Protein chains: 2
Amino acid sequence: MLSLHQLRCFLTVYELGSLTAAADELGYAQPSISEQIRSLEKSIGLQLFRRVGRGVVPTTVADTLRPHAEATIAAAEEALRAVQRVKAFETGTIRFGMFGSARLYVSATLVTDVLERYPGVRVEIIGLNSSEVLEDLRRGRIEAALIAAPPTNEGLEVLPVARDELVYVSMDPERTATPVTARRLAEAQLVMADTSYRATDSMRLALRKMLHEAGHNPQTRIEVEDVETAIELTGRGLADTVVHRGAATELVPRLAPGATWTVLRPRQYETFAIVHRVNATLSPAAQLMIELAVARIRAVAEPIR
Amino acid sequence: MLSLHQLRCFLTVYELGSLTAAADELGYAQPSISEQIRSLEKSIGLQLFRRVGRGVVPTTVADTLRPHAEATIAAAEEALRAVQRVKAFETGTIRFGMFGSARLYVSATLVTDVLERYPGVRVEIIGLNSSEVLEDLRRGRIEAALIAAPPTNEGLEVLPVARDELVYVSMDPERTATPVTARRLAEAQLVMADTSYRATDSMRLALRKMLHEAGHNPQTRIEVEDVETAIELTGRGLADTVVHRGAATELVPRLAPGATWTVLRPRQYETFAIVHRVNATLSPAAQLMIELAVARIRAVAEPIR
DNA sequence: CGAAAGCATAGGTTCTCCCTAGGGCAAGTC
DNA sequence: GACTTGCCCTAGGGAGAACCTATGCTTTCG
């Protein structure tokens, strides 16, 4: 079987015209080089060097092989360099999951942070829709993610890093003059985001629990996919909505100018957490993303611990 | 240390997404593949696959490595193909030595023969001057040669294949009307070729012996390097010359029109022989050249045995 | 919850790599 | 022409790599 080591020995011998010299050059004993050359000759079925008195002389076969051997060695070294560059974050792709409204807080700035420190890398933020993130985590296609809705999913390790309060958004200033109670919430016309995941969305669960405790049943008038859409509809006065404070700060001025918001009573919080598979040893890239994402979200939300 | 085997395993695992499947594909047991991947990961210092429940998933490092690994494997395979083509004479260079007047007989047609059978090869006929051939043989830079002056050189094996008669060439038809005796030869004004090798040239030795036996001393008027020059000077009537019949047939009509030739008395012969180092195992290329050269020279000269 | 699939580990065998020691041949030297 | 030197080869042995079978553990699927 052909090996890189054989090719390296071959090239050195070809260059120096001597097994002994090649052995010195490569730091081996002469019989070792001899053996490598012999095994290479055997594996191609042709003589590469003519043993002639003192020294060896390359055959025309060796002339033919030489450039290819050099190309092969070069390709192998280039392969090593490529992964070393990835190791040093000089290049390569870094993938990170981000799910729910978390992206509103950190996605853009996180990418900026990474690119600033490692200009060569390619950054992929996976999961503008939530199910993908969990599936990708479960399937191992991404190592870690920052999510806003801690699932009790088995096999996933969850590290809360910050929390953000839920706020009630409306175009009617009267409705946001005072904190919104469970009763008022139950009576409101609401537009809620993340339709597809209403069964597992932690915000929904929190609101449902709050209403239940007050003896009410949750009722939403409109269901949409995006937080953006929910806020935009609120801006048109069609309904009110409940979102994270961060989302409100970020989106209301742009999508629902004139809308105001207030907290709930009792106050409700959503936790942001880093999630990854249990027992996973995280890659440097993943650790970097986690570090930056945590720093960013702690700057804009309320840090936990 | 990086190895081609590791890269092959890596690519198969990457493609199939499974160690077990890769093991089946490559014909190994699963733990062997596992070990190869692990050692590759260790040698680059980065994880290539995330072990996730059922199967493995490539990391971004693996994505980076893959094209380089493919390029390296491809280069290695191309190297093998290249030498296999040489093996089959589909390409590559074939070197052969040819020395003395032998080239007049076979050099051009020999090249034609080779190119006809193996259109892809490059043919090099080494040694239009004689010393190079022996030196190249001695140094091992060529494996074999066809020569016209069998040297008693130690370390070289000589296989006579044909002989050619020496003829006396002159512009004076009277001098070639009858075979030339030693006495007439001693009296003639001669131009002789291969000056540089007069001490070892077998034709010189043969003539000298012939003259000595008749009690004469050899005396040459003009010494030149080339047979061509000798014949050309003969054509101008400046002197007569002694050359192989083959050289006369080939060159006299072109270089000395009007000149005629006759044999010597007693008749003198020059032997053509294949020469190579003793105990040398000849390459297929060398054997081919020998075979063709022998066939050719036996067609135009008088075969021995 | 049991069965199946897939990776990791353990232990042992075989093969490869590399070493040292010594033989043989060719080239250069006295 | 014998001697020395340089260089390759062979032989034999030890360390490590590669590979195998058997088995255990985790995840996934019915």
Side-chain angles (χ1 to χ4, degrees), chain A residues 1-10 12-13 16-43 47-58 134-135 137-141 153-157 277-281, chain B residues 1-10 12-14 16-43 47-59 134-135 137-141 153-157 277-281:
Chain A
M1 207 63 248
L2 196 64
S3 82
L4 291 175
H5 187 212
Q6 288 172 344
L7 294 182
R8 262 186 287 268
C9 292
F10 163 74
T12 311
V13 172
L16 301 177
S18 153
L19 299 187
T20 306
D24 286 347
E25 172 78 18
L26 296 174
Y28 294 111
Q30 173 267 317
S32 304
I33 304 298
S34 185
E35 186 175 343
Q36 291 301 318
I37 297 295
R38 202 165 332 117
S39 75
L40 179 55
E41 286 176 333
K42 187 180 167 192
S43 79
Q47 196 176 10
L48 288 169
F49 296 96
R50 212 163 291 128
R51 278 69 167 174
V52 42
R54 190 168 297 205
V56 293
V57 177
L134 287 177
E135 184 65 11
L137 271 172
R138 213 172 51 87
R139 296 259 181 242
R141 301 203 338 183
N153 229 320
E154 308 153 351
L156 291 182
E157 196 165 324
R277 297 171 63 91
V278 291
N279 299 329
T281 55
Chain B
M1 206 64 252
L2 194 65
S3 82
L4 290 175
H5 186 211
Q6 287 172 344
L7 295 182
R8 263 186 286 267
C9 292
F10 163 73
T12 311
V13 172
Y14 186 99
L16 301 178
S18 152
L19 299 188
T20 306
D24 286 348
E25 173 78 18
L26 296 173
Y28 294 111
Q30 171 265 317
S32 304
I33 304 297
S34 185
E35 186 175 344
Q36 290 301 319
I37 297 296
R38 206 181 355 247
S39 76
L40 180 55
E41 286 176 333
K42 187 182 168 191
S43 79
Q47 197 177 10
L48 289 170
F49 296 96
R50 214 162 291 127
R51 277 68 168 176
V52 41
R54 188 169 297 203
V56 293
V57 177
T59 64
L134 287 178
E135 184 65 12
L137 271 172
R138 213 172 51 87
R139 296 258 180 243
R141 301 202 338 182
N153 230 318
E154 308 154 352
L156 292 182
E157 197 166 323
R277 299 171 62 91
V278 292
N279 299 329
T281 55

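Proteins get letters first, then strands, A, B, ... in listed order; numbering begins at 1 in each. The structure displayed is predicted, hence computed values, not measured ones.
For the pair Ile37(B) and Phe10(B), the tightest heavy-atom approach, listed with the atom from each and the gap, is CD1-CA, 3.6 Å.
Atom CD of Gln30(A) is separated from atom P of dC19(C) by 11 Å (rounded to the nearest Å). One atom, CZ of Arg8(A), and another, C1' of dC17(C), lie 14 Å apart when rounded to the nearest Å. For the pair Glu35(B) CD and dT13(C) P, the interatomic distance rounds to 17 Å; values are reported in whole Å. Rounded to whole angstrom, the span from the CZ atom of Phe49(B) across to the C1' atom of dA8(C) amounts to 16 Å. Rounding to whole angstrom units, CE of residue Met1(B) and P of dG16(D) are separated by 18 Å. Atom pair Glu41(A):CD and dC8(D):C1' shows a separation of 13 Å (rounding to whole Å applied). Taking atom CZ of residue Arg277(A) and atom C1' of nucleotide dT28(D), one finds them 11 Å apart after rounding to whole Å. Separating the CD atom of Gln6(B) from the P atom of dC19(D) is a distance of 10 Å, rounded to the nearest angstrom.
Listed for the Glu41(A) side chain is a donor-acceptor partner under 3.5 Å among the backbone atoms of Phe49(A).
A sub-4.0 Å separation between OP1 or OP2 of dC20(D) and a side-chain N or O of Ser32(B) is present. In this model, the phosphate group of dA8(C) is approached by a side-chain N or O of Ser34(B) to a distance below 4.0 Å at OP1 or OP2. A close approach under 4.0 Å does not occur between any side-chain nitrogen or oxygen of Arg38(B) and OP1 or OP2 of dC7(C). Dashed line: the shortest gap from a side-chain N or O of Thr20(A) to OP1 or OP2 of dG6(D) is not under 4.0 Å. OP1 or OP2 of dA17(D) has not a single side-chain nitrogen or oxygen of His5(B) nearer than 4.0 Å. Residue Arg51(B) has no polar side-chain atom (N or O) positioned under 4.0 Å from OP1 or OP2 of dG6(C).
No hydrogens or angles considered: nothing links the side chains of Thr12(A) and Arg8(A) as a donor-acceptor pair under 3.5 Å.
Residue-level contact check: Gln36(A) touches the backbone only, with heavy atoms under 4.0 Å from sugar-phosphate atoms and none from bases. Residue Ser39(B) is out of contact with every strand shown, counting any heavy-atom pair closer than 4.0 Å. Among the atoms of the strands shown, none is found under 4.0 Å from any heavy atom of Gly140(B).
The 12-atom threshold is exceeded at CZ of Arg51(B), counting heavy atoms of other residues, nucleotides or ligands nearer than 6.0 Å.
When each of Leu16(B), Val13(B), Ile33(B), Thr20(B) is checked for a side chain to side chain contact (heavy atoms under 4.5 Å, CB included) with Glu25(B), only Leu16(B) meets the rule.
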